[in-house]
Amino acid sequence: MIGRVVFSGIQPSGNLHIGNYLGAMRQWAAGQQAGLNIFCIVDMHAITVPQDPNVLREKTLEVAGLVVAAGVDPEKSLLFIQSHNPDHANLGWALNCFLSMGQMNRMTQFKEKSEKKDFVSVGLFDYPALMAADILLYDTTEVPVGEDQRQHVELTRNVAERFNSRFGETFVLPVPVIPKSGGRVMSLVDPTKKMSKSDADLMGAVGLLDEPDAVVKKIKLATTDSGTEIRYDVKKKPGVANLMGIYSLVKGKSLAEVEVEFQGRQYGEFKTAAADAVVGLLKPLQARYKELRSSGGLEKILANGAKKSYELSHKKLMEVYEKVGFVRQ
Ligand code: TRP
């Protein structure tokens with residue numbers, strides 16, 4: 001019997017922000033009861049595009065620390081760094097041999113990411129094969145991803161089916177779980193765009209590790225319209241609507257309740273309340289994060305995660321090695 005296995009791959013790049021937390025990370029902690037939840041920091045995917053080694057190292061630990069600080073319990077879930085488990089690269093290689101150039105050439109993300117670049121690595125082209133390996137090693141049933149990754153999960157299903165039909169049942173076919181676009185947190189600078197991890201303008205996003213002063217400043221300077229009414233109207237008042245959305249998510253109040261709460265009040269007052277709410281949200285998360293980083297606790301969690309992930313993945317890899325005809329040691 002195969003249970004529910006959820007595999008999330010997280011890129012160790014950019015700055016995780018309140019949009020990531022309110023939209024996804026907060027649910028990770030809540031969803032841990034059912035089945036096995038795997039959180040993998042995909043540093044091997046990160047190097048498919050140029051990285052500064054020291055920044056990559058720091059970001060990898062930062063993202064891992066934030067996943068735990070956001071409430072993922074390493075006793076219940078599995079958290080590890082992709083490069084700590086060599087099975088990912090090894091299965092990725094094997095899967096390469098069951099993927100055609102034709103299907104890889106159809107990957108739209110590769111086309112977008114390689115456009116107008118001087119140097120395009122083979123790793124970037126091959127990225128979906130490694131992603132398929134990540135997913136297939138653990139008999140994953142669900143893959144929470146953005147719409148942009150749907151095609152990669154389809155490719156994963158496709159290579160799994162091809163392998164299964166040639167060698168017999170080996171891989172479980174995963175399904176992509178794609179969130180509906182509602183409830184998105186938008187940029188504080190341009191509230192018609194999503195809050196982004198990689199926005200060059202740091203004023204657009206409240207980072208999970210931003211100091212309270214910076215949080216207050218960013219929210220006070222957030223783009224709003226020239227009106228005065230605090231009313232939820234995404235089309236006419238996208239900036240105010242975005243702040244209202246953030247406030248309602250943090251406080252667990254409905255948008256209608258927020259409207260009532262701030263009826264007849266000024267933007268300034270509302271912004272102060274929103275900033276306080278976000279500072280209050282981040283305070284315990286940042287305290288847990290600092291504890292994990294300074295105590296060496298994070299390294300222990302990651303070492304344990306690497307070991308546990310290998311115990312699961314290695315059986316699958318050996319099954320594949322056997323089936324393709326490698327001499328077993
Ligand atoms: N490609 C994913 C992204 O950019 C990250 C990723 C790598 C991933 N391996 C994965 C996501 C496995 C889900 C499952 O967001």
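Whatever order the structure lists ligands and atoms in, that order sets their numbers, starting from 1.
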- Message: Is a donor from one side chain sitting under 3.5 angstrom from an acceptor on the other, for Lys316 and Thr170?
- Response: no
- Is Lys323 salt-bridged to Glu319, cutoff N-O under 4.0 Å? yes
- When you look for protein heavy atoms under 4.0 Å from ligand 1, which residues do they belong to? Phe7, Gly9, Gln11, Val42, His45, Tyr127, Met131, Asp134, Ile135, Val143, Val145, Gln149
- Task: Please assess Tyr138 against His88 for the test ring-ring contact (aromatic ring centres under 6.0 Å, His included), listing each intermediate value before the final yes or no.
- Result: CA-CA 10 Å; Tyr138 301 94; His88 289 245; 5.6 Å; yes
- Please check if any side-chain donor atom of Glu261 sits under 3.5 Å from a side-chain acceptor atom of Tyr247, or the reverse. yes
- Query: Can Lys111 and Asn105 be counted as having a side-chain donor-acceptor contact under 3.5 angstrom?
  - Reply: no
With a 3.5 Å cut-off and sequence neighbours excluded, list the donor-acceptor pairs that the side chains of residues 211-218 form with protein atoms.
from	atom 1	to	atom 2	distance (Å)
Lys218	NZ	Leu202	O	3.0
Lys218	NZ	Ala205	O	2.9
Lys218	NZ	Asp210	OD2	2.7

